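Right, one structure below, let's go through it.
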Amino acid sequence: MSGILQALGAEETQKVFDERAQNARDNVDPSFGQQQVVSSLAQYIKTCWDTAKDHKMKVTDRLTNCLRRRRGVYSSTELAAIQKSGGSEIFMGITGSKARHAKSWLSDLYNPTGDRPFTLDPTPVQDLPPNLKQTLLMETMQGALQLGVPEETAYQLMMKHEDRLKDELNQEGEKRMEKMAKHIEDVLCEGNWRHEFDEFLDDLTTYPAAIMKGVIFKQKKEIQWLQMDTGEFVPKASTAINRELKRVSPFDAYPSPNTVNIGDSWFCEHIRYTATDLASMRGMKGYNRQAIESVLRDYRLSGHREWMFESSERERLEGRDNSTAYRYELFDAVEYNGPIQGAQLLEWGMDPKLIDDPYNEYPVSCTMIGPHIIRALINPDPTGRPPYFKASWLNVPNSFWGEALPEIIADIQDAANSTARSLMNNMAMGAGPQTAIDVSMLPTGANPTAIYPRKVWLYDGSKGNHRGGSAGVNFFSPEIKANELLTVYERFERYADEKSGIPAYMQGSDSGAGAARTASGLSMLMNAASKSIKDVVRNVDIGVIEPLINSIFMTLMLDPKVPNEIKGDAKAKARGSDALMHKEAAQMRQQELLQLTNNPTDLAIIGTDGRLEQLRQVFKSGDVPAERILPSKEKLQERQNQEQQAAQAQQQEALQIEQQLKAQEHKYNMALEHEKHSHQPQTAA
């Protein structure tokens with residue numbers, strides 16, 4: 001080496017080292033850097049996953065306890081204590097009944113026929129676009145100069161035209177957003193919204209939090225029926241990327257210990273894939289084909305399971321087989337969504353083109369199965385928000401998990417269970433006779449515990465304390481306290497009504513008293529009871545409906561396949577608890593207003609366009625397809641023009657007929673006058 005250095009010199013030696021370094025870089029495996037990044041990401045995600053699991057242990061106990069109360073099942077500890085003391089093991093399902101009726105109530109509010117739980121409000125046009133405003137100014141000034149209009153008058157005319165253009169733009173925005181809202185409804189329908197939201201409401205009435213996820217892009221097979229030249233229809237299979245929504249079980253949600261609201265920190269989700277799911281992900285944007293094939297190769301026969309603390313009891317309560325006798329065929333994955341510092345991403349080997357600022361936090365979305373990262377990319381959402389949305393029955397400040405309905409009435413449920421067990425035990429003891437036997441008087445081999453009708457009791461009268469008298473067998477019955485215990489139980493039921501905010505008369509029960517026995521009184525009580533459910537509806541509106549619809553709206557705005565005719569600047573707004581809960585009252589007011597304005601004076605004020613809009617709102621609130629019955633404004637205007645033209649034609653025809661009649665009458669009068677003059681005798685000149 002020293003000889004080479006002496007012979008080549010400094011510059012030549014440097015060239016040799018550069019060539020060797022370049023050759024070494026050219027011979028490096030191109031996937032080496034990617035593997036380093038993936039392994040670093042996997043290690044970081046595994047650390048977050050373990051942290052989240054440890055932190056969630058207490059929450060998992062709460063979730064399991066809520067599910068037990070919803071299903072009407074005692075915990076193993078409680079059941080062992082009851083069985084040790086003996087007696088009834090009855091569980092009074094107050095919690096399950098309240099949860100079912102609360103879900104039914106919310107379902108009626110959020111799934112009205114022919115209506116949607118959201119609106120898209122276009123952003124009002126505060127000022128005209130600069131190019132349009134400049135064109136308006138130039139045209140106005142040119143017209144003013146040509147006609148000799150004063151400058152102040154021209155400016156006033158320009159302002160009137162500007163206001164008119166703003167109104168037209170606002171109306172155009174409303175039409176666009178109505179079309180976009182219908183498009184979002186199609187996305188919700190195709191994304192299995194009704195089924196997933198129904199399960200979300202189950203979680204909302206059962207657990208401390210309910211979570212929805214969306215938008216999820218999945219590749220699915222579709223069937224199209226093509227008509228051949230012979231008239232026969234032939235199926236054609238194709239693949240397409242669909243937008244889907246999913247309810248995430250609270251058991252599968254693992255927020256960061258520092259998370260209060262979704263988006264504060266990282267968030268992990270436990271996902272279960274099938275082999276078919278993984279196979280369909282190959283080739284999709286953002287997924288690593290090589291990693292997916294490695295997972296299928298390593299775990300296809302045995303599956304991959306992430307063991308959880310609550311797995312066995314949760315599966316048992318949900319009615320799934322939790323035994324290990326069968327082969328586990330699912331692939332448990334962890335999806336990580338959260339911020340990571342740019343410097344760390346650069347250190348891991350991320351493409352520097354994606355990292356503008358090393359000290360900025362970049363939202364990353366990754367999916368890991370075992371040690372394999374099957375998906376790792378910067379969160380495609382422009383806002384960087386994770387695709388999760390949460391609501392609770394009762395929010396707890398500064399806490400991710402709220403308070404569940406079963407937890408609110410837990411003490412009442414326990415007291416009712418204890419009362420019901422005492423009632424059943426007391427009835428069981430009082431229903432049959434209690435027997436006292438002097439065993440010293442029994443013959444040898446007698447079985448005194450067998451009691452049956454017409455039994456013959458044998459005894460030795462020479463023995464015992466009853467010698468020569470009683471048979472030594474006494475029957476008695478304990479005092480039955482059924483009425484007192486029933487009164488206590490009914491009181492606990494009323495307490496559950498008050499504490500849960502779901503009274504019995506809201507469930508269709510006829511047990512109401514006082515004001516609930518009259519129609520007006522029952523209506524007042526129902527309106528008062530609806531105030532408690534309004535808070536829950538408001539939590540869902542703010543936490544789920546509005547951000548979820550805004551997320552769908554954002555994906556549609558970024559989709560080049562969506563026509564520009566329905567795009568625009570808008571914000572999603574939930575219909576709100578008042579609009580949903582008082583739909584019937586609003587419908588009655590609309591019908592009354594329709595009748596009040598059905599007079600010539602009001603019709604002259606609102607015009608046919610206003611009347612058309614009134615009818616459209618009444619039809620829409622009454623679940624009547626207004627677009628199939630009522631004409632559009634353009635068709636109505638065309639119809640009015642045709643009627644006006646027909647009326648003018650009739651008027652002209654009537655005028656012509658009148659003129660013809662007048663001409664004929666004049667002709668007849670002239671002829672009559674002529675004939676009159678012709679019959680007069682001629683006089684001599």
Side-chain angles (χ1 to χ4, degrees), residues 106-126 166-191 193-194 196-197 200-201 212 214-215 243 245 383 385 389 391 530 533-559 562-590 593 610 612-627 630 632-633:
L106 292 170
S107 297
D108 291 341
L109 296 178
Y110 277 107
N111 296 301
T113 305
D115 206 351
R116 62 176 76 105
F118 69 92
T119 58
L120 281 180
D121 295 338
T123 303
V125 177
Q126 302 294 338
K166 287 181 182 179
D167 293 338
E168 292 179 357
L169 290 175
N170 287 327
Q171 293 177 5
E172 178 66 21
E174 292 177 358
K175 293 179 181 179
R176 285 171 174 259
M177 290 306 104
E178 180 62 26
K179 296 178 181 178
M180 176 63 82
K182 293 181 179 179
H183 199 83
I184 292 177
E185 279 190 295
D186 293 338
V187 172
L188 294 175
C189 182
E190 295 175 0
W193 162 258
R194 291 181 67 89
E196 297 297 329
F197 190 72
F200 168 85
L201 293 181
M212 284 289 292
V215 178
R243 295 177 177 86
L245 306 168
T383 63
R385 190 187 191 281
F389 311 94
S530 66
I533 206 72
K534 282 182 182 179
D535 291 336
V536 182
V537 174
R538 191 174 296 108
N539 294 340
V540 178
D541 288 344
I542 297 174
V544 178
I545 300 296
E546 289 185 359
L548 177 60
I549 299 302
N550 280 321
S551 177
I552 298 175
F553 175 75
M554 186 179 299
T555 62
L556 294 177
M557 290 293 295
L558 296 174
D559 190 350
V562 177
N564 292 328
E565 289 76 15
I566 68 173
K567 293 182 178 180
D569 188 17
K571 276 286 186 182
K573 183 179 179 181
R575 293 292 302 275
S577 56
D578 293 337
L580 291 171
M581 298 182 67
H582 300 294
K583 181 181 177 182
E584 295 182 0
Q587 184 178 355
M588 293 179 61
R589 287 196 298 269
Q590 289 176 355
L593 185 62
L612 176 64
E613 190 63 29
Q614 274 188 323
L615 290 172
R616 182 174 285 110
Q617 294 299 326
V618 172
F619 281 16
K620 186 182 295 185
S621 62
D623 302 332
V624 179
E627 64 278 359
L630 298 177
S632 62
K633 290 185 178 180

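Since the model is a prediction, treat every value here as computed from it, not as a measurement.
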For residues 542-558, which side-chain donor-acceptor pairs fall under 3.5 Å, sequence neighbours excluded?
unit_1 : atom_1 : unit_2 : atom_2 : d
Glu546 : OE2    : Ala574 : N      : 3.2
Asn550 : OD1    : Ala572 : N      : 2.9
Asn550 : ND2    : Glu546 : O      : 3.1
Thr555 : OG1    : Arg243 : NE     : 3.4
Thr555 : OG1    : Ile552 : O      : 2.6

How long is the span from the CG atom in Leu188 to the CG atom in Leu245, to the nearest 0.5 Å? 6.0 Å
Are Arg538 and Asp535 ion-paired here, with the side-chain N under 4.0 Å from a carboxylate O? yes
Which value, rounded to the nearest 0.5 Å, describes the distance between Arg176 atom CZ and Lys567 atom NZ? 10.5 Å
What's the verdict on side-chain contact (heavy atoms from CB on, under 4.5 Å) for Val187 and Val215, showing C-alpha distance, side-chain angles and the deciding distance? CA-CA 10 Å; Val187 172; Val215 178; 5.8 Å; no
Please report the shortest heavy-atom distance between Met177 and Ile566, naming the atom on each side. CE-O, 3.6 Å
